[in-house]
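Because only heavy atoms are used, hydrogens play no part in the values below, and waters and symmetry mates are left out as well, while side chains stay in.
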Amino acid sequence: GTIIYMPPEAFRGDISSAWDLWSLGIMLIEMTTNQLPYKFNNDINQLMAKVMNCDLQIPSLPKEFKPIIEGCLQKDRKQRWTAQQVLNALQPVGWTSPPSPPPAPAAVKKPVSPIPLIASPTPFTEKISNRVTLEMVSLPSGQFLMGSPDYESEKPPHQVKVNSFAIGKYPVTQAQYEAVMGINPSEFKNNPQNPVECVSWNDAQAFCQKLSQITGKTYRLPTEAEWEYACRAGTTTRYYFGDDASQLGDYAWYDGNSGFFWSKTHPVGQKKPNAWGLYDMSGNVFEWCEDDWHNSYENAPKDGSAWLTNDTDYQIVRGGSWSFDPYYCRSAFRNLYVRRALNDNDYGFRVVCGAGRTL
């Protein structure tokens, strides 16, 4: 269901084994040229139109694979190559069968962790009701480089020192929200383990206040610095698993794996966590932060506190969502949204436990 690998007939509901051969053709282009045959500006509708119209821009192909790729990418699926034709054409290229794996080395060096920790993150569980709990992860204090040099709103990258705090292992779920607030505002109801959505920043604040009353502890939204510190988990790459966006589907629900056929949120914790054991920091739902929106990091606090000096109605959201593309899932991505906004199924939140500081 990833749109960039889908054949044009898929949008007409014409599903057959020829679909797989088209996808193979796209992947062979990617594997042999390190490019994809569509040019689009992060506009999912533009991409869909190009796929439906078979608007391919095929780069220069290696001669050994050119006939295979062209055979797989016939617009008329009845003219498309079969799997056997592909196998036959691969024989002259030198393909016979998958090679045997090399023997295991006698000794393997233990990999060095790329994440410098003063202390390991430790989990704990908060009881909300007889049936509902909230899993938290205590993170160590530390310093990290916040922001990126790539986009104006993420500049300038700057060192931030963060105190220790605990953060939700997952976004707040529908079951947790209902246990605390007595209602479930989500559009995708009856999915208790899906993240709650259609909640405003004000709703998230009200949840934190009631949760604090229930537990006797201080629960709040994360500051923007705390959120990025927790998301990165010691990494400096575009995503918390590296720079390769093609791996995003292993870690996040985004438009490439949930925005076409499934078109909704998904249960938390189904994808791989980051190095600190936090799930869904990328994708599933955008997450509200405590801070006001500022257009850049000029004069931003460097102590991890919430930046609340901008008198507007806009707050920070982080992390991407089920219906947005990989650009929005980067660790440094930040955007603004109206704090009172309701009925938007892309927005949720996770909570932090610990005394907050503001600037």
Side-chain angles (χ1 to χ4, degrees), residues 113 115 117-142 144 162-181 186 191-197 199 204 207-208 210-212 214-235 239-241 248 250-254 265-290 304 317-322 329 331 347-356:
S113 171
I115 303 164
L117 292 179
I118 297 174
S120 299
T122 54
F124 68 91
T125 300
E126 194 77 83
K127 184 177 180 180
I128 297 177
S129 70
N130 289 334
R131 295 185 177 181
V132 180
T133 58
L134 174 68
E135 294 183 69
M136 302 290 292
V137 178
S138 295
L139 302 184
S141 61
F144 77 108
V162 179
N163 288 337
S164 60
F165 63 97
I167 190 168
K169 188 175 184 178
Y170 313 101
V172 172
T173 65
Q174 294 182 26
Q176 291 165 342
Y177 193 89
E178 190 165 7
V180 172
M181 304 299 288
S186 304
N191 293 286
Q193 295 308 308
N194 287 29
V196 68
E197 18 81 19
V199 286
F207 176 93
C208 291
K210 287 197 173 184
L211 181 61
S212 298
I214 292 171
T215 62
K217 299 176 182 177
T218 301
Y219 276 91
R220 57 182 174 82
L221 292 179
T223 70
E224 187 178 13
E226 289 171 338
W227 191 98
E228 187 170 329
Y229 177 70
C231 177
R232 288 189 178 279
T235 63
Y239 305 95
Y240 49 77
F241 51 82
L248 184 60
D250 293 335
Y251 294 84
W253 293 109
Y254 70 110
T265 58
H266 293 261
V268 300
Q270 287 191 335
K271 297 296 185 178
K272 293 180 181 179
N274 71 4
W276 283 350
L278 304 176
Y279 292 79
D280 299 284
M281 293 297 289
S282 292
N284 223 347
V285 287
F286 285 109
E287 298 182 11
W288 290 110
C289 292
E290 185 73 22
V317 290
R318 288 294 206 123
S321 89
W322 60 272
C329 294
S331 298
Y347 293 85
F349 65 102
R350 75 178 69 212
V351 294
V352 156
C353 183

[X] vs [Y] aromatic rings, parallel, tilted or perpendicular, using cut-offs 30° and 60°?
X      : Y      : value
Phe165 : Tyr229 : tilted
Phe207 : Tyr177 : parallel
Tyr251 : Phe241 : parallel

To the nearest 0.5 Å, tell me how far [X] [atom1] sits from [Y] [atom2].
X      : Y      : atom1 : atom2 : result
Tyr279 : Lys271 : OH    : NZ    : 13.0 Å
Cys231 : Glu226 : SG    : CD    : 13.5 Å
Thr125 : Leu134 : OG1   : CG    : 8.5 Å
Thr122 : Met136 : OG1   : CE    : 11.0 Å
Asn163 : Leu139 : CG    : CG    : 12.0 Å
Glu135 : Phe124 : CD    : CZ    : 11.0 Å

So, Asn274 side chain and Arg232 main chain: donor-acceptor pair closer than 3.5 Å or not?
->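 No.
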
Between [X] and [Y], what is the shortest heavy-atom contact and its length?
X      : Y      : result
Pro195 : Val268 : CD-CG1, 3.8 Å
Tyr219 : Cys353 : CE2-CB, 3.6 Å
Pro121 : Trp276 : CG-CD1, 3.5 Å
Gly277 : Lys169 : O-CG, 3.5 Å
Val172 : Gln176 : CA-OE1, 3.4 Å
Gly304 : Val162 : CA-CG2, 4.4 Å

Criterion side-chain contact (heavy atoms from CB on, under 4.5 Å) against Ser186, the qualifying member of Thr265, Val196, Val199 =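 Among Thr265, Val196, Val199, the one meeting side-chain contact (heavy atoms from CB on, under 4.5 Å) with Ser186 is Val196.
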
Should [X] and [Y] count as side-chain neighbours, where that means a heavy-atom distance under 4.5 Å?
X      : Y      : answer
Met281 : Trp227 : yes
Glu290 : Val352 : no
Gln270 : Trp253 : yes
Tyr254 : Ser282 : no
Pro267 : Asn194 : yes

What residues form a side chain to side chain donor-acceptor pair (under 3.5 Å) with Lys217, not counting sequence neighbours?
->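 Counting only residues at least two positions away or on another chain, Lys217 forms a side chain to side chain donor-acceptor pair (under 3.5 Å) with Glu126.
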
Is it the case that more than 12 heavy atoms not belonging to Asn130 sit under 6.0 Å from its CG atom?
->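 No, because the 6.0 Å sphere around CG of Asn130 holds 12 heavy atoms or fewer from other groups.
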
Mind running side chain to side chain contact (heavy atoms under 4.5 Å, CB included) on Glu197 and Gln174 for me, showing each step along the way?
-> CA-CA 8 Å; Glu197 18 81 19; Gln174 294 182 26; 4.1 Å; yes

